[in-house]
J.: 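Quick one: the structure is below, and I'll ask about it shortly.
In what follows, every chain begins at residue 1, and chains take the letters A, B, ... in the order their sequences are listed. Reckoned from all heavy atoms, side chains included, excluding hydrogens, waters and symmetry mates.
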2 protein chains.
Amino acid sequence: MKHIISVLVENKFGVLARISGLFSARGFNINSLAVGETEDPDISRMTVVVKGDDKTLDQVKKQLNKLIDVISVKDFVKKEHIDRELLLFKVNITKDTKDKVAKILDKQGAKIIKTTSDDITVEVVGDEVYTQKLLDKLVEFGIKEMVRTGRIAMAL
Amino acid sequence: MKHIISVLVENKFGVLARISGLFSARGFNINSLAVGETEDPDISRMTVVVKGDDKTLDQVKKQLNKLIDVISVKDFVKKEHIDRELLLFKVNITKDTKDKVAKILDKQGAKIIKTTSDDITVEVVGDEVYTQKLLDKLVEFGIKEMVRTGRIAMAL
């Protein structure tokens with residue numbers, strides 16, 4: 001089961017390395033990770049998406065809570081929340097496919113940043129279901145240079 | 001000077017801990033970090049924003065290139081590129097400020113996700129200048145629970 005975990009940490013040297021080390025020591029591969037500032041510049045928030053068995057993950061969360069620079073640990077799995085991810089990518093086009101690709105992007109509410117004769121640079125924001133659906137529609141044209149932020153979440 | 005560095009890595013246990021450890025060992029605090037999948041599920045891309053002197057950063061980049069799981073390292077600082085970040089946050093409202101806040105959000109193209117009597121949950125995407133400008137306009141009302149993805153970048 002995929003879990004979205006939000007960890008509020010003191011913004012200090014080495015915190016990130018310690019926390020990511022804790023996950024990898026337990027054999028968790030991190031699907032995605034987003035670390036950004038919060039409303040307080042001394043505090044950062046890490047949003048981690050991990051897949052793994054719930055029991056081991058409970059142990060990881062307990063260990064996280066013991067770290068001195070960790071302020072709080074929240075698991076969104078059973079909470080009402082929204083999740084969002086930002087993606088930038090280029091989708092290949094030819095003279096023949098250009099209009100078709102542009103139509104899909106427009107219909108799905110994706111933002112076109114730049115169009116050349118070879119590709120369209122796209123900005124997309126959405127939840128996991130939406131972004132995956134859009135990528136599935138575009139994969140036949142060829143997607144290159146994809147950059148993803150990893151998912152972030154907020155309780156509603 | 002702030003640098004946006006994109007590191008393409010093999011998606012394996014411990015890679016993230018090794019790379020973030022490398023930055024902290026050199027005394028670099030990471031402003032933001034976004035780790036997400038790429039078009040190839042075995043490969044992840046880390047986008048790191050760091051501030052520091054260029055000479056030490058050059059050494060870090062050389063060390064990154066030597067790590068076995070690192071495929072490539074790119075610094076966007078002198079390249080034509082776009083940068084984007086996704087933010088979710090709640091801005092406080094009262095009966096008196098509600099309309100004013102909604103007007104600012106609408107004018108700036110921010111997306112309202114939910115409105116209660118106490119706050120508005122907002123989704124914002126933009127480059128560093130845009131997002132900072134919006135936050136500056138809203139700070140007087142009180143911003144709470146901000147979650148940021150960290151910036152990602154793409155060459156144009």
J.: Are A:Val60 and A:Ile4 connected into the same hydrophobic cluster when the rule is that any two of I, L, V, M, F, W, Y join if their side-chain heavy atoms are below 4.5 Å apart?
T.: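 No, A:Ile4 does not connect to A:Val60 through the hydrophobic network.
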J.: Only pairs of heavy atoms separated by less than 4.5 Å count here; which of A:Glu85, A:Lys90, A:Arg18 has the most with chain B?
T.: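 So the answer, after comparing A:Glu85, A:Lys90, A:Arg18, is A:Lys90.
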J.: Does any backbone or side-chain atom of B:Val125 lie under 4.5 Å from a heavy atom of chain A? Answer side chain, backbone, both or neither.
T.: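 Only the side chain of B:Val125 comes within 4.5 Å of chain A.
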J.: For A:Val147 and B:Thr47, work out which heavy atoms get closest and say how close.
T.: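 Shortest heavy-atom contact: CG1-OG1, 3.8 Å.
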J.: Among B:Leu33, B:Thr149, B:Val35, find the residue that satisfies the side-chain contact (heavy atoms from CB on, under 4.5 Å) test when tested with A:Thr149.
T.: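 So the option named by the test is B:Thr149.
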J.: Inspect the contact between B:Lys144 and A:Glu39 and indicate whether a charged nitrogen and a carboxylate oxygen are less than 4.0 angstrom apart.
T.: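 Result for this pair is no, no salt bridge flagged.
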J.: Can you tell me which portion of B:Phe28 sits under 4.5 Å from chain A's heavy atoms? Options are side chain, backbone, both or neither.
T.: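 For B:Phe28, the backbone is the part near chain A, not the side chain.
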J.: For the interface with chain B, which of A:Gly36, A:Ala34, A:Ser6 has the highest count of heavy-atom pairs at distances below 4.5 Å?
T.: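 Among the listed options, the one with the most contacts to chain B is A:Ala34.
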J.: Enter the distance from A:Leu87:CG to B:Leu86:CG here, rounded to the nearest 0.5 Å.
T.: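 Reported to 0.5 Å precision, the distance equals 10.0 Å.
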J.: Can you say whether B:Asp119 sits under 4.5 Å from chain A via the side chain, the backbone, both, or neither, judging by heavy atoms?
T.: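 Looking at B:Asp119, nothing touches chain A.
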J.: Using heavy-atom distances under 4.5 Å, tell me whether A:Thr38 contacts chain B through its side chain, its backbone, both, or neither.
T.: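 Both backbone and side chain.
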J.: Please determine, among B:Gly27, B:Ser44, B:Gly150, the option with the most heavy-atom pairs under 4.5 Å with chain A.
T.: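 Looking at each of B:Gly27, B:Ser44, B:Gly150 in turn, B:Gly27 comes out on top.
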J.: Would one find more than 12 heavy atoms of other residues, nucleotides or ligands at under 6.0 Å from atom NZ of B:Lys61?
T.: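 Atom NZ in B:Lys61 is packed in, count exceeds 12.
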J.: Is it the case that the side chain of B:Glu145 and the backbone of A:Met154 share a donor-acceptor pair, with hydrogens and angles ignored and the cut-off at 3.5 Å?
T.: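 Absent.
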J.: For the residue pair B:Asn11 and A:Ile30, what are the closest heavy atoms and their distance?
T.: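 That would be OD1-O, 4.4 Å.
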J.: Looking at B:Met146 and A:Arg45, what are the two nearest heavy atoms and their distance?
T.: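 Reported closest heavy-atom pair: O-NE, 3.4 Å.
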J.: A:Ser20 and B:Ser20: which non-hydrogen atoms are nearest, and at how many Å?
T.: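 Shortest heavy-atom contact: OG-OG, 3.5 Å.
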J.: Please rank B:Leu135, B:Thr121, B:Leu156 by heavy-atom pairs under 4.5 Å with chain A and give me the top one.
T.: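 If we count pairs closer than 4.5 Å to chain A, B:Leu156 comes out on top.
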J.: For B:Ile113, is it the side chain, the backbone, both, or neither that has a heavy atom closer than 4.5 Å to a heavy atom of chain A?
T.: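 The side chain, not the backbone.
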J.: Below 4.5 Å, heavy-atom pairs only: which of B:Ile82, B:Asn31, B:Leu88, B:Leu16 has the largest tally toward chain A?
T.: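 Among B:Ile82, B:Asn31, B:Leu88, B:Leu16, the one with the most close pairs to chain A is B:Leu88.
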J.: Return the minimal non-hydrogen interatomic distance between B:Gly14 and A:Ser24, and the atom names on each side.
T.: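 Minimum heavy-atom contact is N-CB, 3.4 Å.
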J.: Would you mind checking which part of A:Ala25 comes under 4.5 Å of any heavy atom in chain B, side chain (CB onward), backbone (N, CA, C, O), both or neither?
T.: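 When you check distances to chain B, no heavy atom of A:Ala25 falls under 4.5 Å.
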J.: What residue in B:Arg148, B:Arg151, B:Lys12 has the most heavy-atom pairs under 4.5 Å with chain A?
T.: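 Max contact count across the listed options: B:Arg148.
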J.: Under 4.5 Å from any heavy atom of chain B, what part of A:Asp40 do you find: side chain, backbone, both or neither?
T.: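 For A:Asp40, neither part sits under 4.5 Å from chain B.
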